[in-house]
Amino acid sequence: AGCGALVLLTAKPPPTPTHFTMGGKAKPTKHTSKELAKKAFEANVNRGGGAAGTASRLDGNCGFKCYLCLCAQPSEKSLLIHWESKHPDKEIDMAKATGKLGS
């Protein structure tokens with residue numbers, strides 16, 4: 001009887017939800033070759049910003065210029081969208097607005 005009591009005192013408690021061990025965290029996935037190729041492509045493509053973009057915007061290749069706020073626009077359609085957004089109370093004069101930036 002004494003031996004049975006000793007075993008009873010040293011036995012582990014039944015597992016409860018707080019005693020369960022969690023599984024290991026999942027290993028983070030590496031970047032796919034598609035993502036890496038896209039990143040390399042975008043790093044080497046001129047999107048028109050920075051010093052190179054400044055040069056291209058100033059040399060007259062940008063398209064049209066708003067004659068009120070002198071904002072450069074790449075196309076006539078973009079100029080009309082800009083005009084409706086920024087100058088809704090005024091009417092656009094396309095004779096003034098159709099000139100290219102360089103001219």
Side-chain angles (χ1 to χ4, degrees):
C3 188
L6 183 61
V7 172
L8 200 68
L9 292 176
T10 59
K12 291 184 180 179
T16 60
T18 58
H19 289 94
F20 291 140
T21 58
M22 297 286 293
K25 291 188 177 178
K27 211 174 188 184
T29 56
K30 301 291 182 188
H31 294 285
T32 63
S33 60
K34 181 180 176 183
E35 288 176 327
L36 294 174
K38 181 181 176 190
K39 186 176 180 181
F41 173 77
E42 288 178 351
N44 296 316
V45 172
N46 182 7
R47 298 286 187 198
T54 301
S56 70
R57 288 189 298 274
L58 293 178
D59 72 357
N61 292 332
C62 197
F64 298 85
K65 182 167 57 171
C66 175
Y67 59 88
L68 283 184
C69 64
L70 305 179
C71 179
Q73 300 297 325
S75 67
E76 186 174 345
K77 184 176 179 179
S78 296
L79 179 65
L80 290 173
I81 293 169
H82 160 79
W83 193 272
E84 291 171 1
S85 170
K86 303 296 180 185
H87 315 293
D89 55 334
K90 297 182 177 27
E91 194 165 324
I92 190 167
D93 182 8
M94 288 308 287
K96 292 180 184 177
T98 55
K100 293 278 187 179
L101 282 176
S103 58

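Side chains are part of it too, since the values below use all heavy atoms of this structure and drop only hydrogens, waters and symmetry mates. Because the structure is a prediction, the values reported are computed rather than measured.
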Seminar exercise, completed: When rounded to the nearest 0.5 Å, the distance separating SG of Cys71 from NE2 of His82 is 5.0 Å
Problem set entry | Residues which pass side chain to side chain contact (heavy atoms under 4.5 Å, CB included) with Leu68, listed by chain and number, not counting sequence neighbours | Cys66, Trp83, His87, Lys90
Exercise. Who are the side chain to side chain contact (heavy atoms under 4.5 Å, CB included) partners of Glu84, not counting sequence neighbours?
Worked result: none
For this session: Go through the structure and list residues passing side-chain hydrogen bond (donor to acceptor under 3.5 Å, both in side chains) with Glu35, not counting sequence neighbours.
Result: His31
Seminar exercise, completed: All heavy atoms of Tyr67 vs all of Lys96, minimum pair found to be CD2-CB, 3.6 Å
Exercise. Would you find more than 12 non-hydrogen atoms of other residues, nucleotides or ligands less than 6.0 Å from Glu91 atom CD?
Worked result: no
Seminar exercise, completed: Cluster membership besides Leu36, Ile/Leu/Val/Met/Phe/Trp/Tyr side chains within less than 4.5 angstrom, sorted by chain and number, is none
For this session: Name all residues meeting the side chain to side chain contact (heavy atoms under 4.5 Å, CB included) criterion together with Lys77; count only those two or more places apart in sequence or in a different chain, and write none if there are none.
Result: Ser75, Ile81
